[in-house]
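All values reported here derive from a predicted model rather than from experimental measurement. Heads up: numbering here begins at 1 and tracks the sequence.
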Amino acid sequence: EGSRDAAMLVTVPAGSYTIQVTGAGTGTAAQGISAVEVYEADSSAGTLVNLSCRARVGTGGDVLIAGFVIRGSQPRRLLVRAVGPTLADLGVTGTLADPKIEVTAQADGKTVGSNDNWDASLASTFTSVGAFALRTGSKDAALVLTLPPGAYTATVSGVGTSTGIAIVEVYDLP
């Protein structure tokens, strides 16, 4: 109570949606780190099939983190991507030249998967979920993981001194 956090409860039909977070006010009042959380609040069984976030990324503590939870009793197969260089092909300027993705289990803090440069054998997987293609030979990162129920984080960082705009994406695979 009394915080300047924002929250809303909405009912939306199936489809694609974008949430944009901006700071209120001017100067330092409009700057800082923010978290966006999306929860299914009703009792009907729905499935979030994709989550993506875009931000400026660097090294050290200057990273992009997406948290996600797998519920139920069965493992889920996921595609996780960190895209920087290919964003330039989509008109984004100042992209992260060399992203790295690391997926961590929250229960024990252990890394369950990571990738620095994606493998072209994943191209058909991108197509199967409607993800845009990555430029051949780019330093974008992607991996497929099968994870048991639990909470996870996907962290995008720059390799070396690389900084710039990147997105992290998590797709539920069929």
Side-chain angles (χ1 to χ4, degrees), residues 16 18-19 21 32-40 47-90 92-174:
S16 299
T18 300
I19 299 169
V21 176
I33 296 173
S34 178
V36 173
E37 299 175 319
V38 177
Y39 298 94
E40 178 145 7
T47 300
L48 184 64
V49 295
N50 168 248
L51 166 72
S52 66
C53 304
R54 176 183 141 168
R56 174 164 285 292
V57 178
T59 59
D62 191 16
V63 296
L64 171 57
I65 302 170
F68 58 96
V69 175
I70 297 172
R71 68 179 183 177
S73 59
Q74 299 299 313
R76 300 297 300 207
R77 191 167 163 255
L78 305 174
L79 167 65
V80 184
R81 305 195 316 174
V83 183
T86 299
L87 291 178
D89 299 343
L90 302 172
V92 178
T93 59
T95 60
L96 181 64
D98 193 357
K100 177 183 177 184
I101 187 82
E102 184 173 281
V103 179
T104 305
Q106 292 304 292
D108 58 12
K110 291 184 179 177
T111 299
V112 295
S114 66
N115 181 260
D116 182 8
N117 297 317
W118 72 288
D119 186 297
S121 67
L122 294 176
S124 62
T125 303
F126 304 163
T127 303
S128 76
V129 292
F132 60 84
L134 298 181
R135 185 181 341 131
T136 302
S138 72
K139 292 191 175 199
D140 296 300
L143 69 157
V144 172
L145 298 168
T146 300
L147 300 173
Y152 299 88
T153 57
T155 303
V156 178
S157 60
V159 174
T161 59
S162 182
T163 64
I165 301 296
I167 62 173
V168 59
E169 301 175 307
V170 180
Y171 291 89
D172 187 27
L173 293 174

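- Contacts classified as side-chain hydrogen bond (donor to acceptor under 3.5 Å, both in side chains) and involving residues 133-151 (residues at least two apart or in different chains) are given here: Thr86-Asp140, Asp89-Arg135, Trp118-Ser138, Ser138-Asp140.
- Side-chain N/O atoms of Thr153 and Gln106 include a donor and acceptor closer than 3.5 Å.
- For the ring pair (Phe, Tyr, Trp, His ring centres under 6.0 Å) test, no residue two or more places apart in sequence or in another chain qualifies with Tyr171.
- Taking both residues in full, the closest heavy atoms of Lys100 and Val159 are given as CB-CG2, 3.9 Å, listed atom of the first, atom of the second, then distance.
- The shortest side-chain heavy-atom distance between Phe132 and Thr127 does not fall under the 4.5 Å cut-off.
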Exercise for the section: Might you work through the side-chain contact (heavy atoms from CB on, under 4.5 Å) test for Val170 and Leu79, ending with a clear yes or no? Expected result: CA-CA 6 Å; Val170 180; Leu79 167 65; over 6 Å; no
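- Proximity of Thr104 to Val112: side-chain heavy atoms (C-beta onward) are nowhere separated by under 4.5 Å.
- For the pair Ile70 and Leu78, the minimum side-chain heavy-atom distance is below 4.5 Å.
- Shown are Val92, Leu87, Val57; of these, the side chain to side chain contact (heavy atoms under 4.5 Å, CB included) with Ile167 is made only by Leu87.
- When each of Ile65, Leu96, Val83, Val80 is paired with Val156, the side chain to side chain contact (heavy atoms under 4.5 Å, CB included) condition holds for Leu96 and for no other.
- No side-chain heavy atom of Pro149 sits under 4.5 Å from any side-chain heavy atom of Arg71.
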Practice task
Start with the C-alpha distance between Val144 and Leu173, add both sets of side-chain angles, then the distance that settles side-chain contact (heavy atoms from CB on, under 4.5 Å), and finish with yes or no.
Solution key: CA-CA 9 Å; Val144 172; Leu173 293 174; 3.7 Å; yes
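- Here CG of Asp62 is found 8.0 Å from CZ of Arg56. Values are rounded to the nearest 0.5 Å.
- Residues Val168 and Ala154 approach most closely at CG2-CB, 4.0 Å, considering heavy atoms.
- Shown here for Ser157 and Val63, the closest heavy-atom pair between the two residues is CB-CG1, 3.7 Å.
- Of the possible polar contacts, none joining the Thr95 side chain to the Ile165 backbone as a donor-acceptor pair under 3.5 Å is found.
- Taking CZ of Arg81 as the reference point, atom CG of Asn115 lies at 11.5 Å (rounded to 0.5 Å).
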Exercise for the section: Take Leu143 and Ile101 through the test side-chain contact (heavy atoms from CB on, under 4.5 Å) and record every step on the way to the result. Expected result: CA-CA 8 Å; Leu143 69 157; Ile101 187 82; 3.3 Å; yes
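- Contact check for Thr59 versus Thr161: no side-chain heavy atoms found under the 4.5 Å cut-off.
- Residues Cys53 and Leu64 come closest through the heavy atom pair O-CD2, 3.5 Å.
- In this structure, Arg76 is not positioned above the aromatic face of Phe68 in the sense of NZ or CZ being under 6.0 Å from the six-membered ring centre and within 45° of the axis.
- Proximity of Val69 to Tyr152: side-chain heavy atoms (C-beta onward) are nowhere separated by under 4.5 Å.
- Within the 4.5 Å cutoff, the side chain of Pro99 has heavy atoms near those of the Pro85 side chain.
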